[in-house]
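I have placed the structure first, in the form of C-alpha cells, so that the comments after it can refer back to it.
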Amino acid sequence: NAGVTQTPKFQVLKTGQSMTLQCAQDMNHEYMSWYRQDPGMGLRLIHYSVGAGITDQGEVPNGYNVSRSTTEDFPLRLLSAAPSQTSVYFCASSSSDSSYEQYFGPGTRLTVT
Amino acid sequence: AQSVTQPDIHITVSEGASLELRCNYSYGATPYLFWYVQSPGQGLQLLLKYFSGDTLVQGIKGFEAEFKRSQSSFNLRKPSVHWSDAAEYFCAGHGSSNTGKLIFGQGTTLQVKP
C-alpha cells in the first residue's frame with residue numbers, strides 16, 4: 001500500500017497562475033480532505049469529500065476548487081494563485097471502518113510570489 | 001460550534017522530565033479524539049486515538065492520553081521526555097456527523113532541553 005500520495009512536493013507559482021495539486025489514496029477510504037497548514041494556525045480544512053461525486057466546503061475554501069470523480073483521487077485546484085495561498089498543503093483520507101483516523105500525505109509546499 | 005483548543009502554544013521541558021500537553025474540545029456528543037505529532041519538515045503521524053471504552057489510551061512512543069468528559073479534555077502525557085520528542089503536537093476531534101472531517105487545535109510546539 002502506498003497510502004496517501006501527493007504531487008508535487010514543492011511548487012513555486014506567480015500571482016495569477018493556476019495549478020492542480022494531486023492527491024491519491026489506495027486504501028478505498030470513503031472520506032478525503034484537503035488542509036492547509038500555516039504557522040500558529042494548525043491545520044485548516046479547505047474542502048472535503050464523503051465519497052465519489054460528493055464534495056463540500058471546509059473552513060477556508062475561497063480560491064480553491066475540488067472534484068472527486070473516483071474514490072482514489074481528490075485533486076485541489078488553485079484557480080488564480082495569490083501570495084496568501086503560500087502554505088503547506090496536506091491531503092488526508094479516512095474511513096468509518098478505522099474510526100475516522102486521518103491518514104496524511106507527505107504534503108506540498110507551495111510558494112506564491 | 002465544534003472546536004478543539006490547545007491552550008499552550010509553546011512548552012519547554014528538560015530531557016527526562018514528565019510532559020503534559022493540554023487539549024480541550026467542544027462537541028455535543030462524545031467525539032473521536034486524536035493526537036498527532038509532526039517533526040520539523042515532516043508530515044503528521046498518529047500518536048493515539050480515543051473513540052469509546054477505556055478513557056486512558058496508550059499510544060506509540062510511550063505516550064498516553066486521558067479522556068475526561070467532565071472537563072472536556074483529552075490531555076497527552078509522557079512520563080519521561082526524550083530529546084527526539086521535540087516536535088509540534090496537534091490535538092484533533094471528529095464529531096458525530098459522518099463527514100470524515102477533523103477539527104484541529106492550533107498545535108503545541110515542544111522544545112526539549114538537554
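What you see is a predicted model, and the numbers here were worked out from it, not measured in a lab. Order of the sequence lines fixes the chain letters, A, B, ..., with proteins taken first and strands second; residue numbering starts at 1 for each chain.
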Problem set entry | chain B contact via Leu45(A) - which portion, at a heavy-atom distance below 4.5 Å | side chain

Please state whether the side chain, the backbone, both or neither of [X] comes within less than 4.5 Å of a heavy atom of chain A.
| X | value |
| --- | --- |
| Gln45(B) | neither |
| Gln6(B) | neither |
| Leu46(B) | side chain |

Exercise. So, does Gln25(A) use its side chain to make a donor-acceptor pair with the main chain of His29(A) at under 3.5 Å?
Worked result: yes

Problem set entry | Main-chain N/O of Tyr89(A) paired with Gln6(A) side-chain donor or acceptor, under 3.5 Å | yes

For this session: Using the salt bridge (Lys or Arg N to Asp or Glu O under 4.0 Å) rule, collect all pairs that involve residues 43-72 of chain A, keeping only residues at least two apart or in two chains.
Result: Asp38(A)-Arg44(A)

For this session: Would you please indicate yes or no on a ring centroid separation below 6.0 angstrom for Phe67(B) and Tyr25(B)?
Result: yes

Seminar exercise, completed: Assert top hit (heavy-atom pairs under 4.5 Å, partner chain B, pool Ser99(A), Ser94(A), Gly42(A)) equals Ser99(A)

Exercise. Of Phe63(B), Phe104(B), Tyr36(B), which meets ring-ring contact (aromatic ring centres under 6.0 Å, His included) against Tyr89(B)?
Worked result: Phe63(B)

